[in-house]
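Remarks on the structure that follows.
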Amino acid sequence: MPAETTTPPPVPESAVPAEAVAPLIRGVRVLRELTEAGGTLSLSGLERATGLARSTVDRITATLARMGYVRLDGRDAVATPRLMELGNAYLAALRLPALLSSRADALADELDESVSLAVADRDGIRFIHQATRRRAMSLSFRIGDLLPAERTAPGPLFASEWTDDDWRTWRERRATDPENRGFPAVPPRELPLPEGEFETRAAQAGRNGWALDDQLIEPGLVAVSVPVRDPRTGRIACVANVVSHTSRHTAADLRDTLLPRLRATVAGMERELAAAPEPDPGPPPSGSAAWIGASKNELGREFIESLARGLTVLTAFGEGRAALTLTDVARATGLARATARRALITYEHLGLVRGQPESRTFGLTPRVLSLGFPPLSRTTLPRIAAPHLADLSARVGESTALAILVPSGPGTDSGPEIQYTARAVSPRIMGVDIRVGTRLPASATSLGRVLLPDPEGAAGSESVRTRGYALLDEDWEDGLRTIAVPLHDRTGRVVAAVNVALHAAGRTAAECVEELLPELRLTAARIEGELRAAGHFTRVPLL
């Protein structure tokens with residue numbers, strides 16, 4: 001398990017390498033500004049935030065939209081879950097979330113507190129896993145959020161391994177940004193950091209093997225951290241962090257009550273790392289170069305080929321592909337070696353890739369998570385589905401909806417029910433309008449029929465699961481015809497269903513199958529693609 005080490009910040013803009021790809025630098029700038037804005041920003045807002053010409057912003061967002069990384073909604077650019085593929089590549093290559101998240105989740109359940117895993121990112125820390133508690137006063141950051149090391153519990157532990165150059169970089173950052181305004185995930189610092197305080201905390205953390213955050217981020221927030229060490233090198237691979245608030249625990253309580261249990265969990269994590277076999281590298285993405293060329297031919301100058309090529313380089317990394325040579329990257333992406341080399345040079349300049357000269361390999365840094373991951377890590381299935389439902393409704397001219405299977409309400413024995421969680425209403429005068437939150441008996445609806453476990457058809461007909469859809473022809477209400485298909489998560493489990501509902505006079509049952517079913521399945525596939533990306537390292541709530 002490669003230990004995460006800090007690296008110097010990117011060189012100044014004046015020192016941009018001659019071989020760097022300027023359109024890729026500008027595209028990354030747009031993604032970062034979109035991320036800091038919470039995932040949605042107007043095109044004029046992107047123009048102001050990046051300092052780029054409006055025509056350049058338009059071309060960049062058009063390219064990102066073609067790649068499925070943003071959605072153009074009127075005058076706004078909206079980050080989509082597909083953008084999480086970039087951060088997923090880093091997290092998969094790192095392997096720590098896959099190996100350690102179950103133990104972090106179990107500790108969160110045991111303590112009834114939020115538990116996170118963090119890695120070092122230059123002179124800050126960045127979260128790679130969150131196990132949160134659902135309560136009115138919930139304390140957690142998002143996966144990918146960057147915090148200044150000096151205001152966290154993990155920070156002193158990482159700083160205990162800093163070199164002189166690392167400390168110099170930290171002091172330069174403090175001098176230029178004493179209020180931490182370069183870290184949008186935390187409120188600005190109100191009081192200056194006392195001279196020498198963080199150095200003392202780092203030394204103590206190195207001696208003790210744990211560290212506290214006693215309301216350094218904001219009043220009421222407390223945390224305790226313990227390092228998880230790489231069994232091969234002995235260096236810190238990540239830090240496990242328990243977060244609470246002072247109405248539940250003081251910092252001293254965390255140290256005296258929760259620290260022993262946190263240490264026990266960390267010992268288990270280290271055993272997990274020591275026993276983990278070498279990963280079997282899965283197949284890298286393929287065919288991207290051909291797809292990019294076809295997109296350029298279709299869209300012309302509105303599609304920035306060098307930006308698209310550069311972004312595919314990030315997705316060449318993954319589980320079993322943490323360290324790649326230039327030849328590996330070129331082979332995985334289908335790009336020419338010269339093109340892949342220029343992209344890697346650009347990413348080294350931006351701090352997204354770290355080169356290892358001795359092995360002539362490259363690896364992703366935690367900074368890749370700054371490209372859209374934090375705001376998208378809290379998405380839900382209804383949010384993912386909503387724009388696709390609206391698009392489907394516009395294409396077919398009928399109402400569409402998303403529903404999940406839920407137990408029947410208290411005091412009823414009608415069996416499982418469906419609950420509508422998202423919808424798009426047809427503009428027709430006579431249309432189907434069922435409100436979000438409505439619950440209906442599952443067996444009486446097409447949505448429920450595809451969600452119930454392997455329901456059988458009548459009189460020897462195919463089962464709904466075999467057919468892959470359910471069609472109800474005025475079964476539930478006179479004049480109402482509906483057709484539904486299931487939605488699967490990344491494991492293949494059916495988690496929800498999507499339908500089209502219409503008045504029976506609009507289309508015959510046969511026309512529903514011939515005309516609506518292909519469009520419905522296309523929409524389901526698009527939602528499933530984004531759900532797979534969003535659910536790789538985060539939990540996507542169904543409600």
Q) About how many Å separate CD1 of I125 and OG1 of T152, when rounded to the nearest 0.5 Å? A) 4.0 Å
Q.
Between T523 and R395, is the side chain to side chain donor-acceptor pair (under 3.5 Å) condition met? List the steps.
A. CA-CA 11 Å; T523 296; R395 292 200 313 270; 3.1 Å; yes
Q. Can you name the salt bridge (Lys or Arg N to Asp or Glu O under 4.0 Å) partners of R539, sequence neighbours left out?
A. D105
Q | N241: partners by side chain to side chain donor-acceptor pair (under 3.5 Å), with sequence neighbours left out | A | S116, S225
Q: Could you verify whether a donor N or O on one side chain and an acceptor N or O on the other, from D166 and T163, lie under 3.5 Å apart?
A: yes
Q.
Quick check for you: to the nearest 0.5 Å, what is the distance between T361 atom OG1 and D328 atom CG?
A. 9.0 Å
Q | Least distance between heavy atoms, V450 atom then A497 atom | A | CG2-CB, 3.4 Å
Q) Looking at Y469, does the NZ or CZ of R467 lie under 6.0 angstrom from its six-membered ring centre and within 45 degrees of the ring axis? A) yes
Q: Kindly write out the residues that satisfy side chain to side chain donor-acceptor pair (under 3.5 Å) with E319, not counting sequence neighbours, or none if the list is empty.
A: none
Q: Mind listing the closest non-hydrogen atom pair of R301 and R59 along with its distance?
A: O-NE, 2.6 Å
Q.
If only side-chain N and O atoms count, and only distance matters, is there a donor-acceptor pair under 3.5 Å linking R26 with T50?
A. no
Q: Heavy atoms only: give me the nearest I384-A534 pair and the separation to one decimal.
A: CD1-CB, 4.1 Å
Q: Could you please spell out the steps behind the side chain to side chain donor-acceptor pair (under 3.5 Å) verdict for T491 and D489?
A: CA-CA 5 Å; T491 68; D489 65 11; 2.7 Å; yes
Q. Can you say whether the rings of F198 and W170 are parallel (under 30°), tilted (30 to 60°) or perpendicular (over 60°)?
A. tilted
(Q) Before you tell me yes or no, could you show the steps for S295 and R66 under side chain to side chain donor-acceptor pair (under 3.5 Å), namely the whole-Å CA-CA distance, both residues' side-chain angles and the distance that decides it to 0.1 Å? (A) CA-CA 8 Å; S295 296; R66 178 70 170 191; 3.2 Å; yes
Q. If you take all heavy atoms of Y69 and L86, which pair is closest and at what distance?
A. OH-CD2, 3.8 Å
Q) Does any donor atom in the side chain of T327 or T325 lie under 3.5 Å from an acceptor atom in the other side chain? A) no
